[in-house]
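We're numbering straight along the sequence, starting at 1. None of these values were measured; they are calculated from a predicted model.
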Amino acid sequence: LFTEWVYNQIYNVTATSHRAFFRRYATPPLFHRGKEGVPTRPCDRGARWRWYSFTRYDLREHLHLAKMNDRFVLSVNGVMRTMVGNLEFESNVKFRHKSQDSFTICRVEERVYGKFGILYNGQCEFFKVGNPAVRLFGMKPKPTHVLNINATKKSDFEVRTYFNQHLEEFSEILILKKTLNLDLCKSIPYPTTDHNNVYAELSNGQHMIFEPTLELAENRNQRPSIDGGGKAVAVSDRVAYCANVERNFLNEHNCKLSSHDDACAPRGKVEGSVVLSSMILKTFYGLLNRPVYAVTGLRIGDDDSIGTPCTIGKKSRWQLVDTCTENVKPETSALLGTLLKVPGHGNPNFRDITLLPEEGACHWKDVDKRQLYVKADGQCYMNIHPDLFNVYDFTNWAELHPGGKDPILNPGNLGRHQLKFPDTHPMSRWQVYKEKLLYVGKLGDKVEFSDIPVGQLKSFKIAKEVGIYIPEPDGVNTLVCGSPNEVANNDLSIPRFFIRHGAQKEFLKNDEFSQQRKTIWTTIALNGKDQLRQRVAWALSQLFAISPSAVFPLNTEPFLAYYDIFVRHSFGSFRDILREVSHSPLMADMLSYHESKSSEYIWLKERTMQYADENFAREIMQLLTIGTVQLNMDGTHKIDNQGNVIPTYNNNDVEEYARVWTGFSRRGARGNIEGGDGDSNSIDPMKIRIEWRDHYPKMGLDGKYIGDGYPLCHDLPRDSFLRKGAKFKLL
């Protein structure tokens, strides 16, 4: 019986995808259009309606009061929610107010008569009436869009009460079980940009507000969306991103040519560079609301940690000045002048040089000098602090700054592109705090767009602004591809899961997303029919572990997509697992090889010696595959002639394999998935950027170069591409 059970588990029981389970029940409110997709329509099957007037997304918004006869009209951002009688606080504090007053909402429980409070005299005061029910009686003028729903026709809708795990309370909503064919439905604008301007009146006299939710479409590997999500892009006025997945090794065998006119292609290419000028730094702030500045005020004479221009292996920075008098010996001038004349610096005002041992040494009297002046090719250069005029993104530092946000944000608000390091701060403070800043380049650098640090700055908005974005052609014959287990959400689903998007990311906390992941894992572990597969997947996940706290803790879908690697391959090939894990953006973040670049590329771009990141190269051998000690076939350690165990690799091997893991980069952002931040996604397998790759031979563990046995072009038979069995790939 046990053998039969195992056989049945392996060959006959369908795998339970964690990502698919999450997506089916992911029906988050969508109050603002976003890149993830479009909202439901008020009259469609699955449309959700609520009796309570206010939601948690009204927190910190302004509640407006207006007197109408003997009642008060309560509105948020100019949109009416309900009418109430007297407004009194639970605390018995006297509520003094006038018509047209507004107050900041500080507490909302999402149920009728749940807690509802405003900031009043510095305190969060709760109204006795609680979160009031929606009431339109006597409203003048009557709202434009009020649907009439027959409360006795239970086949049209159902009322569901569910436990909201995020708020730890019960909420009650009405869900349409079928589409309403009402004339008024046709007149309601879509998508509804203002989320509370559509109401319903039941035949029993109750009123409700429509709550739009995000529509997630089916876009699986085996069944990609036939238009790539083009319809959603069109109806959202191109706010929603195209859902079409870039072709990759997971989906390429199931991609299709679309026959739809509105089919959309994946995000286009960005080919070109940006100059870190004052204009572009101001654009970062104006377009992306991110304070990006060139740092000034760094004092070279007060910083003992930076070395001197004559220190071997230390980078020094030089600024072009109008006139100067050299203050070094001729030998030093000739040596440094030669380095300053090397072409390829790419910056008209600054040079960064590094003195290598084989290039010689300065005169001994100049070894400890700073702020040198040197002439090269008839031009004068002054030695400055190596970080002076560096460009950094200060967004995170604005939140951490001990003196508050204002000193960091004020220059941007005033239209400036520089931030001065205070004269009163010791330079040791700069060396500590600069690690918290995101380095972009130096003022005046011509930076390839691909080299801009991953995150919000690498934005398609910026690429379009500077004219280096090249869109892919859309329409008929667009190649559409899907993603594993990217199913549609169930419009009647209860309970509901949330995804991080738009305003929602401000109100859901890390532990709430963590609880979602735990709920999904526990539910499948207890109820899934593929028990053997789920146990093997769990064991594999402990081997290929990633830490949610280390990489994007505010997301759910990327982690579930990663976990699904082990669900899909529980009974498959270990090589396939290694391939998918190695291409996972989450693993690349966890073990720091995301956007690792070759030493040659860094040297040519920045004149700095920097080696490829070794983290993953070490861990994939030590933890994920061969371990640290060579083994016999019976699992015992191999011993050398001196009785010592034989290691599987050494540091030289780690350095060689680190060069293998260069060039990996995220794919562009797309719709129909949990968005997160920036213009990239954490679900689709990474791509390889050729220019970042280390192109030189790499020695393997067996003393042979990696790929030595792979046939070269001249090894193939003549005209092999015309022979029977030759394969061609659609470009």
Side-chain angles (χ1 to χ4, degrees), residues 32-35 60 238-239 241 267 270 272-298 319 346-350 385 387-423 425 429-430 433-469 500-503 505-506 552 554 595 606 666 668-669 675-680:
H32 306 280
R33 292 181 296 173
K35 65 184 179 183
R60 299 197 292 273
R238 306 197 75 81
V239 173
Y241 284 11
R267 299 302 296 269
V270 177
S273 57
V274 295
V275 176
L276 297 180
S277 62
S278 59
M279 182 196 72
I280 199 68
L281 301 194
K282 294 175 184 178
T283 302
F284 282 131
Y285 193 74
L287 203 58
L288 304 179
N289 199 31
R290 298 185 74 85
V292 180
Y293 305 124
V295 177
T296 63
L298 301 179
Q319 183 178 6
N347 190 304
N349 299 313
F350 304 101
H385 193 286
D387 295 331
L388 190 63
F389 296 108
N390 270 358
V391 174
Y392 298 94
D393 182 351
F394 283 83
T395 304
N396 292 335
W397 181 240
E399 300 293 333
L400 301 172
H401 186 244
K405 295 181 182 181
D406 289 347
I408 306 301
L409 300 181
N410 281 342
N413 293 331
L414 296 173
R416 298 171 183 167
H417 69 283
Q418 296 182 352
L419 182 66
K420 187 177 185 297
F421 185 75
D423 296 333
H425 289 355
R429 181 168 176 172
W430 167 253
Y433 288 146
K434 77 173 184 179
E435 301 301 323
K436 303 180 186 297
L437 308 176
L438 182 65
Y439 174 72
V440 182
K442 61 181 177 291
L443 189 65
D445 272 356
K446 188 176 183 180
V447 180
E448 291 296 323
F449 187 82
S450 59
D451 287 336
I452 293 177
V454 66
Q456 292 278 4
L457 292 184
K458 192 178 286 186
S459 166
F460 283 96
K461 290 182 180 179
I462 296 294
K464 291 176 181 177
E465 182 74 13
V466 298
I468 58 175
Y469 174 72
R500 187 173 183 236
H501 73 87
K505 60 190 176 188
E506 299 178 14
F552 293 103
L554 292 181
E595 296 199 349
E606 301 181 15
R666 276 177 164 79
D677 290 327
D679 274 318
S680 61

Can you name the nearest heavy-atom pair linking Ser680 to Arg666, along with the distance? OG-CD, 3.3 Å
Would you say NZ of Lys420 has more than 12 non-hydrogen atoms from neighbouring residues, nucleotides or ligands within 6.0 angstrom? yes
Locate the shortest heavy-atom distance separating Pro407 from Pro411; write the atom from each residue and the value. O-CD, 3.5 Å
Working to the nearest 0.5 Å, report the span between OG1 of Thr296 and CZ of Phe421. 11.0 Å
Sorted by chain and residue number, the ring pair (Phe, Tyr, Trp, His ring centres under 6.0 Å) partners of Phe449 (sequence neighbours excluded) come out as none
Results of ring pair (Phe, Tyr, Trp, His ring centres under 6.0 Å) for Phe394 - residues two or more places apart only: Tyr293
Can you name the nearest heavy-atom pair linking Lys35 to Ala669, along with the distance? NZ-CB, 4.5 Å
Indicate yes or no: at least one non-hydrogen side-chain atom of Asn390 is less than 4.5 angstrom from one of Lys434. no
If you round to the nearest 0.5 Å, how far is CG of Leu388 from NZ of Lys442? 12.0 Å
With distance as the sole test, does Asn349 use its side chain to make a donor-acceptor pair with the main-chain N or O of Gln319 at under 3.5 Å? no
Greater than 12 external heavy atoms within 6.0 Å of Lys282's NZ: yes
Does any N or O in the side chain of Asp445 come within less than 3.5 Å of the main-chain N or O of Val447, such that one atom is a donor and the other an acceptor? no
What is the ring orientation for Tyr392 with Trp430, classed by angle as parallel under 30°, tilted 30 to 60°, or perpendicular over 60°? perpendicular
Could you walk me through whether Ile408 and Leu419 pass the side-chain contact (heavy atoms from CB on, under 4.5 Å) check? CA-CA 8 Å; Ile408 306 301; Leu419 182 66; 4.2 Å; yes
Shortest non-hydrogen pair, Pro348 vs Gly444, comes out as CD-O, 3.8 Å
Working to the nearest 0.5 Å, report the span between CZ of Phe284 and CD of Glu465. 11.0 Å
Taking every heavy atom of Leu409 against every heavy atom of Pro291, the minimum-distance pair comes out as CD2-CG, 3.8 Å
Inter-residue atom distance Lys461.NZ - Leu288.CG, 0.5 Å rounding: 6.5 Å
Report the distance from atom CD1 of Ile280 to atom CD1 of Ile462, rounding to the nearest 0.5 Å. 5.0 Å
If you take all heavy atoms of Ser278 and Leu443, which pair is closest and at what distance? N-CD1, 4.5 Å
Close side-chain approach of Asp387 and Val295, heavy atoms under 4.5 Å: no
Within 45° of the axis and under 6.0 Å from the centre of the six-membered ring of Tyr469, does NZ or CZ of Lys464 qualify? yes
Output the distance between atom CG (Asn396) and atom CG (Leu438), rounded to the nearest 0.5 Å. 8.0 Å
With distance as the sole test, does Lys458 use its side chain to make a donor-acceptor pair with the main-chain N or O of Ile452 at under 3.5 Å? yes
